[in-house]
Visitor: 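This is the structure, below, for whatever I ask next.
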Amino acid sequence: MSDAKTAHGLIRGTERYEIVAVIDSVHAGKDAGEVLDGKHRNIPVYADVDVAVNNIAGIRYCIIGVATVGGILPKHFLPIIESCIRKGISIVNGLHDFLNDMPSIVALAKENNVELIDVRKPKARKDLHFWSGEIFSVTAPVIAVIGTDCALGKRTTCRLVKQACASANINAQMIYTGQTGWLQGGQYGFVFDSTINDFISGELEHAIVSCWKETNAEVLLIEGQSALRNPTGPCGSEILVSGNAKHVILVHAPKRKYYEDVVGWGEIHSVASEIELIKMYGSKVIALALNTEHCSDEEALQFQQQYEIKLKLPVLLPLQQGVEKITPVIKSLMKD
């Protein structure tokens with residue numbers, strides 16, 4: 001379920017919170033990691049909040065783990081949120097519907113002395129940055145992880161590449177651009193889709209430059225959003241142009257035919273076409289990463305082989321094989 005990608009990311013890993021349980025009546029009694037991708041992560045799934053609280057002491061936060069279309073809070077979540085608040089549990093919300101704008105929820109939170117954390121709440125004007133050109137002072141390679149559509153695993157791929165670089169003694173840092181990136185512990189970045197358009201380029205530049213200066217990063221990885229040609233939210237040109245990302249890891253789902261699986265939104269353009277478009281922006285695709293939804297393991301390997309032959313690029317299967325084979329390519333960029 002693509003709407004649950006926030007939960008999926010947090011189950012896979014976060015440095016900001018310790019995930020101790022998942023609330024989901026459908027998969028109650030199972031391990032969340034095994035439900036997600038077959039890997040046991042010692043994160044139990046409970047049917048409701050009462051069961052979770054009775055089994056685990058000291059729960060401090062409830063994170064809303066969905067990213068719905070339009071960032072709308074599902075109405076059936078409200079009783080769960082209210083139940084958590086009454087139990088003294090603070091709420092972390094990554095949706096566009098802000099809990100702090102709901103008087104009854106605010107009153108309940110005050111009554112129970114808990115926090116309402118709206119991650120997507122826009123920054124105050126005084127805290128926003130305008131693009132200045134300072135990005136051109138950055139000498140470390142800037143690599144954008146962008147996709148041919150939404151909900152492909154761009155953030156997950158970005159995190160895996162960062163981890164692979166760390167294992168290869170490369171100081172790679174990640175710039176988050178969505179609420180889940182912050183929830184997973186991102187230190188540098190901003191929430192793209194809640195930032196006033198005039199300041200997106202500047203916020204991106206500020207995050208990259210600050211990260212580079214403060215961490216001495218040898219490589220900067222940028223989490224992409226949406227896709228260059230997804231009609232519901234074309235996005236990515238800012239990263240390539242304003243972020244001066246000259247290198248791209250492109251994420252693609254070979255079995256997905258239409259944007260977000262909606263026929264009326266049009267067919268997803270070919271990988272070759274996307275690579276050419278990225279080239280027109282002055283950037284180069286250095287690898288392809290595959291989202292193998294609806295693929296058997298055999299089909300995933302076949303797609304990998306086909307694209308490697310056709311594109312003459314490294315093709316990654318992040319969830320099945322990891323992304324370690326991109327590290328020699330990244331090391332070569334560092335020498336340029």
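Throughout, residue positions are numbered sequentially from 1 according to the sequence presented.
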Visitor: Taking a hydrophobic cluster as the set of Ile, Leu, Val, Met, Phe, Trp and Tyr residues connected by side-chain heavy atoms closer than 4.5 Å, whether directly or through intermediates, do V323 and I249 fall within one such cluster?
Guide: yes

Visitor: For the CD1 atom of I89 and the SG atom of C62, what is their distance to the nearest 0.5 Å?
Guide: 7.0 Å

Visitor: Regarding K279 and S283, do their side chains bring together a donor and an acceptor under 3.5 Å, going by distance alone?
Guide: no

Visitor: With the side chain counted from C-beta on, respond yes when S90 and L116 share a heavy-atom pair under 4.5 Å apart, and no when they do not.
Guide: no

Visitor: May I ask you to say whether E218 pairs ionically with K331, meaning some side-chain N is under 4.0 Å from a carboxylate O?
Guide: no

Visitor: To the nearest 0.5 Å, tell me how far N171 CG sits from M334 CE.
Guide: 8.5 Å

Visitor: Are K30 and D24 close enough for a salt bridge, meaning some N to O gap below 4.0 Å?
Guide: no

Visitor: Is any side-chain heavy atom of V49 less than 4.5 Å from a side-chain heavy atom of I80?
Guide: yes

Visitor: Tell me if the CG atom of D198 is crowded by more than 12 foreign heavy atoms within 6.0 Å.
Guide: yes

Visitor: Distance check, rounded to the nearest 0.5 Å: K121 atom NZ versus H96 atom NE2?
Guide: 15.0 Å

Visitor: May I ask you to test the L95-I72 pair for a side-chain heavy-atom distance under 4.5 Å?
Guide: no

Visitor: Side chains of L313 and Y307, heavy atoms from C-beta outward: is any pair under 4.5 Å?
Guide: no

Visitor: List the residues meeting salt bridge (Lys or Arg N to Asp or Glu O under 4.0 Å) with E203, not counting sequence neighbours, and say none if there are none.
Guide: K123

Visitor: Applying ring pair (Phe, Tyr, Trp, His ring centres under 6.0 Å), which residue pairs with at least one partner in residues 122-165 are found, sequence neighbours left out?
Guide: H129-H206, W131-F136

Visitor: Working to the nearest 0.5 Å, report the span between CD of E274 and NE2 of H269.
Guide: 8.0 Å

Visitor: Determine the minimum heavy-atom distance between A164 and T327, stating which atoms define it.
Guide: O-CG2, 3.7 Å

Visitor: Could you check if a side-chain atom of V271 sits within less than 4.5 angstrom of a side-chain atom of L288, using non-hydrogen atoms only?
Guide: yes

Visitor: If the threshold is 4.0 Å, N to carboxylate O, is there a salt bridge linking D31 and R41?
Guide: no

Visitor: Would I11 and I63 show up in the same hydrophobic cluster when neighbours are defined by side-chain heavy atoms closer than 4.5 Å?
Guide: yes

Visitor: Considering residues at least two apart in sequence or located in another chain, which fulfil the salt bridge (Lys or Arg N to Asp or Glu O under 4.0 Å) criterion with E15?
Guide: R159

Visitor: Does D297, at its CG atom, have more than 12 non-hydrogen atoms belonging to other residues, nucleotides or ligands within less than 6.0 Å?
Guide: no

Visitor: Mind checking what makes ring-ring contact (aromatic ring centres under 6.0 Å, His included) contact with Y258, not counting sequence neighbours?
Guide: none

Visitor: Using the rule that Ile, Leu, Val, Met, Phe, Trp and Tyr join whenever any side-chain heavy atoms are under 4.5 Å apart, tell me whether L311 and I146 fall into a single cluster.
Guide: yes

Visitor: Any side-chain donor paired with an acceptor under 3.5 Å for Q320 and T292?
Guide: yes

Visitor: Hey, does the side chain of D118 reach the backbone of L99 with a donor-acceptor pair shorter than 3.5 angstrom?
Guide: yes

Visitor: Determine whether the side chains of H40 and E34 contain a donor N or O and an acceptor N or O closer than 3.5 Å.
Guide: yes

Visitor: Assess the residue pair L10 and Q184 against the criterion (side-chain contact (heavy atoms from CB on, under 4.5 Å)); give the C-alpha distance rounded to whole Å, side-chain angles, the decisive distance to 0.1 Å, and a yes or no.
Guide: CA-CA 6 Å; L10 293 171; Q184 287 184 299; 4.0 Å; yes

Visitor: Under the salt bridge (Lys or Arg N to Asp or Glu O under 4.0 Å) test, which residues partner R12, sequence neighbours left out?
Guide: D37

Visitor: With sequence neighbours excluded, tell me which residues meet ring-ring contact (aromatic ring centres under 6.0 Å, His included) with Y61.
Guide: Y17

Visitor: Would one find more than 12 heavy atoms of other residues, nucleotides or ligands at under 6.0 Å from atom CZ of R16?
Guide: yes

Visitor: Please find the pair of heavy atoms, one from A151 and one from K154, that lie closest to each other, and give the distance.
Guide: N-NZ, 4.0 Å

Visitor: Taking all atoms of both residues into account, what is the closest heavy-atom pair of A253 and L152, and its distance?
Guide: CB-CD2, 3.6 Å

Visitor: Looking only at the side chains, is there a donor atom on one of T177 and Q225 sitting less than 3.5 Å from an acceptor on the other?
Guide: yes

Visitor: Examine the side chains of Y188 and E214 and answer whether a donor and an acceptor come within less than 3.5 Å of each other.
Guide: yes

Visitor: Within a strict 4.5 Å, meaning less than it, do heavy atoms of the K312 and E308 side chains meet?
Guide: no

Visitor: Counting heavy atoms not belonging to E267, are there more than 12 under 6.0 Å from its CD?
Guide: yes

Visitor: We want to know whether E205 and S242 form a side-chain donor-acceptor pair, criterion being a heavy-atom distance below 3.5 angstrom.
Guide: no

Visitor: In plain terms, say whether E293 and R256 are close enough for a salt bridge, that is, a side-chain N and a carboxylate O under 4.0 Å apart.
Guide: yes

Visitor: In this structure, are over 12 heavy atoms from other groups packed under 6.0 Å from K325 atom NZ?
Guide: yes

Visitor: Quick one about S167 and E324 (side-chain donor to acceptor, distance below 3.5 Å, no hydrogens or angles considered), yes or no?
Guide: no

